[in-house]
Amino acid sequence: MPFLLIDFPVFNPVAVSLGPIVIRWYALAYIVGIVLGWIYARSLIKKERLWGGPAPITLPQLDDFILWVTIGIIVGGRTGYVLFYNLPFFIEHPAEILELWKGGMSFHGGFLGCVAAVMWFARRNNISILSLGDITTVVAPIGLFLGRLANFINSELWGRPAEASLPWAMIFPNGGPLPRHPSQLYEAGLEGIVLFAILAVMIRMGALRRPGLILGSFIAIYGIARIIGEHFREPDPQLGFLWGGLTMGMLLSVPMIIVGAIIIVAAVRRRANGPAPDSVTSSVQGQP
């Protein structure tokens with residue numbers, strides 16, 4: 001074995017086991033991600049200067065919305081995986097659609113589930129859909145980061161073969177004898193840390209005062225980050241590579257970039273809410 005090659009540190013897939021109660025790392029990532037996102041969203045809603053006035057959603061409304069968005073993530077994520085990634089299998093084994101503990105969630109499906117939850121909740125509570133979308137997506141990188149770490153811990157969705165000389169190349173226990181990119185960690189960095197940092201800076205610059213700007217930026221930047229990550233990630237075995245070496249993750253991300261760019265342009269052209277905070281630059285304020 002080359003000196004620099006790293007053996008994958010095998011983890012127990014079960015994070016917590018208390019008698020009949022078993023919580024796996026992937027489920028724990030969802031739980032912790034939602035809780036941390038809820039805490040972060042509450043802190044943003046309390047800061048009126050970020051919104052140019054009172055936030056368009058109250059704290060009690062946010063607390064109620066958490067259940068809606070959680071259902072949207074789970075139902076949408078599972079439905080997306082079934083439709084986009086493994087439909088023939090689930091047609092033959094429909095009962096396994098409900099067996100979430102076996103894995104199989106699609107971000108793109110989960111995102112569409114979130115969109116449905118945002119639109120439904122916003123209309124029922126007379127809240128701006130764009131502003132609710134902003135507060136939802138600004139916290140999403142937290143869950144994405146934890147979810148990718150759970151993928152790594154579970155030794156799933158590993159990367160494409162890499163040169164053994166790559167210092168951080170790993171041999172995954174279920175990935176054959178070849179050294180591979182730890183693509184889960186690449187995606188955790190891009191979709192989690194980098195995306196969170198960009199959106200946090202935008203908020204400091206007054207982006208929440210333009211409904212839809214955070215939402216559009218999240219959609220577009222995630223699409224770009226996902227396409228970059230897919231270059232290092234081994235495609236799902238039941239799909240493999242599609243046309244021209246593309247993967248399903250790449251194809252599903254292209255519309256996100258287009259839609260995100262459209263929302264960004266519309267948000268920038270829209271009049272900003274209230275007085276700008278001191279940290280807002282002239283470009284965000286719309287001043288020369």
Side-chain angles (χ1 to χ4, degrees), residues 29-30 33 37 69 72-87 103-119 130 133-134 136-152 156-160 180-199 202 212-267:
Y30 271 81
V69 75
I73 291 171
I74 296 174
V75 174
R78 187 58 168 177
T79 302
Y81 180 77
V82 171
L83 295 179
F84 300 148
Y85 289 93
N86 218 352
L87 183 58
M105 297 287 281
S106 162
F107 165 81
H108 296 91
F111 177 75
L112 292 176
C114 284
V115 170
V118 166
M119 295 180 67
L130 292 177
D134 288 340
T136 302
T137 52
V138 78
V139 305
I142 299 174
L144 290 171
F145 173 75
L146 294 173
R148 293 307 183 194
L149 290 185
N151 290 149
F152 179 75
E156 60 190 8
L157 305 182
W158 20 258
R160 302 184 191 183
R180 296 180 177 276
H181 288 278
S183 58
Q184 312 97 321
L185 301 183
Y186 299 173
E187 291 181 299
L190 288 171
E191 302 169 10
I193 298 173
V194 173
L195 183 50
F196 180 88
I198 292 174
L199 297 182
M202 290 180 64
L213 184 54
I214 289 293
L215 171 63
S217 299
F218 170 84
I219 296 173
I221 297 171
Y222 175 85
I224 295 171
R226 179 62 180 268
I227 290 175
I228 293 173
E230 288 284 327
H231 280 91
F232 299 95
R233 174 175 163 179
E234 187 76 16
D236 292 69
Q238 69 274 14
L239 291 177
F241 290 99
L242 305 178
W243 311 280
L246 298 176
T247 66
M248 179 61 76
M250 291 178 180
L251 291 179
L252 294 175
S253 295
V254 171
M256 294 187 69
I257 297 174
I258 297 173
V259 171
I262 293 172
I263 296 175
I264 290 172
V265 171

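Just the heavy atoms: all of them, side chains too, but no hydrogens, waters or symmetry mates, feed the values below.
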Fill in: Shortest non-hydrogen contact from Trp158 toward Gln184
CA-NE2, 3.6 Å

Item to complete: For the pair Ile214 and Thr137, evaluate side chain to side chain contact (heavy atoms under 4.5 Å, CB included) and give the outcome as yes or no after the intermediate values.
Response: CA-CA 7 Å; Ile214 289 293; Thr137 52; 3.7 Å; yes

Item to complete: Might you point out which heavy atoms bring Phe145 and Ala188 nearest each other, and give the distance in Å?
Response: CD1-O, 3.4 Å

Fill in: Contacts of type ring pair (Phe, Tyr, Trp, His ring centres under 6.0 Å), residue Tyr222, not counting sequence neighbours
Phe107

Item to complete: Output all residues satisfying side chain to side chain donor-acceptor pair (under 3.5 Å) with Glu187, sequence neighbours left out; order by chain, then residue number.
Response: Arg233

Practice prompt. Look up atom CD1 in Ile227 and atom CG in Leu190, then write down how far apart they are to the nearest 0.5 Å.
Written response: 12.0 Å

Worksheet item: What heavy-atom pair brings Ser106 and Tyr85 nearest, and what distance separates the two atoms?
Response: OG-CE1, 3.8 Å

Could you tabulate the donor-acceptor pairs under 3.5 Å formed by side-chain atoms of residues 244-265, not counting sequence neighbours?
| residue | atom | partner | partner atom | Å |
| --- | --- | --- | --- | --- |
| Thr247 | OG1 | Glu230 | OE1 | 2.7 |
| Thr247 | OG1 | Met250 | N | 3.3 |
| Ser253 | OG | His108 | NE2 | 3.2 |
| Ser253 | OG | Gly249 | O | 2.7 |

Worksheet item: Taking only residues two or more places apart in sequence or in another chain, which ones pass side chain to side chain donor-acceptor pair (under 3.5 Å) with Tyr30?
Response: none

Worksheet item: Is it true that a side-chain atom of Glu191 and a backbone atom of Ala225 form a donor plus acceptor pair closer than 3.5 Å?
Response: no

Discussion item. Do Ile198 and Ser217 make a side-chain contact, defined as non-hydrogen atoms from C-beta onward lying under 4.5 Å apart?
Written reply: no

Discussion item. Can you confirm whether Ile219 sits close enough to Phe111 that some side-chain heavy atom of one is under 4.5 Å from a side-chain heavy atom of the other?
Written reply: yes

Worksheet item: What are the two closest heavy atoms between Val139 and Gly37, and how far apart are they?
Response: CG1-O, 3.4 Å

Worksheet item: Any idea which heavy atoms bring Cys114 and Ile73 closest together, and the distance?
Response: SG-CG1, 3.3 Å

Worksheet entry | Donor-acceptor contact below 3.5 Å, side chain Asp134 vs main chain Leu215 | yes

Item to complete: Please list, chain by chain and in numerical order, all residues satisfying ring pair (Phe, Tyr, Trp, His ring centres under 6.0 Å) with Phe152, sequence neighbours excluded.
Response: Phe8

Worksheet entry | Flag side-chain contact, heavy atom, 4.5 Å: Phe218 against Val138 | no

Worksheet item: What residue pairs, at least two apart or across chains, pass salt bridge (charged side-chain N to carboxylate O under 4.0 Å, His left out) with a residue in residues 241-253?
Response: none

Worksheet, complete the sentence: Nearest heavy-atom contact between Leu213 and Met202 is CG-CE, 3.8 Å

Worksheet item: Does Ser183 use its side chain to pair, donor to acceptor, with the backbone of Leu157 at less than 3.5 Å?
Response: yes

